[in-house]
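Indexing begins at 1, ligand by ligand and atom by atom, following the structure's order. As a basis for the values below, the full set of heavy atoms in this structure was taken, side chains included, without hydrogen atoms, waters or symmetry mates. From a predicted model like this one, the values you see are computed outputs, not experimental measurements.
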Amino acid sequence: MTDATPLPVARTLPDAETVTEVRHWTDRLFSFRVTRPRSLRFRSGEFVMIGLPDDRGKPLLRAYSIASPSWDDSLEFYSIKVPDGPLTSRLQYIRPGDQIILRPKPVGTLVLDALLPGRRLWLLATGTGIAPFASLLRDPETYEKFEQVILMHTCRELAELEYGRQLVEALPDDPLIGEIAGGKLHYYPTTTREPSARMGRITDNLASGKVFADLGLPGPLNPADDRAMVCGSLAFNLDVKAVLEGWGLREGANSEPREYVVEKAFVGDGV
Ligand code: FAD
Ligand code: A2P
């Protein structure tokens, strides 16, 4: 981190917000907080465009899920560090006091409004796909709308699960969420390439029924009671969609709420 190229200083960035906190989780993952524009209203689970000025001072922007809930005074983001990524090769060096660009135009399908009422909400994520769910898990509305909320988060290694684990562990002590979430949240983290207490891909643990047995929940998901939100790589999203569709759940959208919704955690590798 010490050989960081200095960030371009821009005193009059349009849509500039100030970094207030940065936390590095692994050499590939970090989270940070920025000030919240007064004008920004968003629904938990939505994403915005954020970035930095490029070498010529033009905005270099990327989509980022807001990881903090809609009621929070500041905005949290959870980010990958792509070694030669145009944005994150520089963004990873931000420090408190630095400025980033944030376009206050939130959008997205991973919102409670895009789902029909149901009993159980399944949040299915790989990698940084947990970011929109970090927002929803800290929103009281999530627990008001559902009797049970299940977070399945899968990464290759244990260290990559740590952001989500600490977030979930902090919920019982959260003055706003603690009581309402109590007993409703089931957390099911798994690794796929490092041995750990729970292992396996989300698709496999759903299809085999292992997750239902482990959590003591009825399975498989059914269109009358279960709702799902999916956020990971394109391949992951497609495979989970196939499982959910096989159980009779249909994909919803803001304009047409149904039983599940999907969003890409990133656009990758020529896709
Ligand atoms: P890019 O040129 O954007 O990406 C280079 C390559 O890195 C990609 O082709 C892909 O293979 C890989 N990559 C990019 N992002 C990721 C990732 N998150 N996980 C694994 N591999 C990745 N990224 C976040 O870190 N956090 C978020 O909350 C987030 N939310 C997003 C929401 C949406 C709707 C979309 C479409 C993308 C989101 N992304 C998120 C990805 C983000 O927009 C950028 O791609 C990422 O910040 C890397 O930017 P870059 O310019 O450094 O590299
Ligand atoms: P695996 O290790 O078996 O590939 P990545 O780091 O490649 O983005 O993957 C993040 C996590 O998502 C890994 O645990 C990976 O499992 C899992 N994963 C990747 N692709 C799929 C898929 N198509 N279906 C289910 N899980 C997947």
### Message
Please verify the inter-ring angle class for Tyr78 with Tyr163; under 30° counts as parallel, over 60° as perpendicular, anything in between as tilted.
### Response
parallel
### Message
Show me which atoms of ligand 2 lie under 4.0 Å from any heavy atom of Thr203.
### Response
24 (N), 25 (C)
### Task
Using ring pair (Phe, Tyr, Trp, His ring centres under 6.0 Å) as the criterion, point out the one residue from Trp247, Tyr260, Phe212 that pairs with Trp122.
Phe212
### Query
Going by an N to O cut-off under 4.0 Å, is there a salt bridge joining Glu256 and Arg258?
yes
### Query
Just which atoms of ligand 2 are under 4.0 Å from any heavy atom in Ala235?
23 (N)
### Message
Run the side chain to side chain contact (heavy atoms under 4.5 Å, CB included) test on Thr18 and Asp98 for me, step by step, so that the C-alpha distance in whole Å, both residues' side-chain angles and the decisive distance to 0.1 Å come before the verdict.
### Response
CA-CA 6 Å; Thr18 305; Asp98 290 339; over 6 Å; no
#### Entry: Residue portion contacting ligand 1 (non-hydrogen atoms closer than 4.0 Å) for Phe47
side chain
### Which of the ligand 2 atoms, numbered from 1, are nearer than 4.0 Å to a heavy atom of Asp239
22 (C), 23 (N), 24 (N)
### Winner among Asn205, Thr192, Leu161 once heavy atoms are compared against atom 1 (P) of ligand 2
Thr192
### Task
Measure Leu87 to ligand 1 on non-hydrogen atoms and call it side chain, backbone, both or neither using the 4.0 Å cut-off.
both
### Query
Taking distance alone, with no angle check, do Ser65 and ligand 1 share an N/O pair under 3.5 Å?
yes
### Query
Relative to ligand 1, is Tyr78 under 4.0 angstrom through side chain, backbone, both or neither, heavy atoms considered?
backbone
### Query
If you count the atoms of ligand 1 from 1 in the order shown, which ones are under 4.0 Å from a heavy atom of Val267?
8 (C), 9 (O), 10 (C), 36 (C)
### Message
If hydrophobic clusters are built from ILVMFWY residues whose side chains come within less than 4.5 Å, do Val19 and Tyr64 share one?
### Response
yes
### Task
Just let me know how Arg201 lines up against ligand 2, side chain, backbone, both or neither, with a heavy-atom cut-off below 4.0 Å.
side chain
### Query
atom 9 (O) of ligand 2: which protein heavy atom is closest, and how many Å away?
Arg156 NE, 4.1 Å
### Message
Assess whether a salt bridge exists between Arg198 and Asp214, defined as any Lys/Arg side-chain N lying under 4.0 Å from an Asp/Glu carboxylate O.
### Response
yes
#### Entry: atom 4 (O) of ligand 2 touched by protein heavy atom at under 4.0 Å
yes
### Summary
Within 4.0 Å of some non-hydrogen atom of Ala131, the atoms of ligand 1 are 28 (O)
### Query
For ligand 2, which atoms, with element, lie under 4.0 Å from some heavy atom of Cys155?
14 (O)
### Task
Mind checking whether Ser233 contacts ligand 1 via backbone (N, CA, C, O), side chain (CB onward), both or neither, at a 4.0 Å heavy-atom cut-off?
neither
### Test: Lys184 and Glu179 ion pair at under 4.0 Å
no
### Query
Is the shortest distance from a Lys or Arg side-chain nitrogen in Asp113 or Arg43 to a carboxylate oxygen in the other one below 4.0 Å?
yes
### Query
Which atoms form the tightest heavy-atom contact between Ser74 and Ser68, and what is the distance?
O-OG, 3.5 Å
### Query
With a cut-off of 4.0 Å, which atoms of ligand 2 are near a heavy atom of Thr154?
11 (C), 14 (O)
### Task
Go through His153 and Thr190 one step at a time and tell me if the side chain to side chain contact (heavy atoms under 4.5 Å, CB included) criterion holds.
CA-CA 6 Å; His153 186 210; Thr190 61; over 6 Å; no
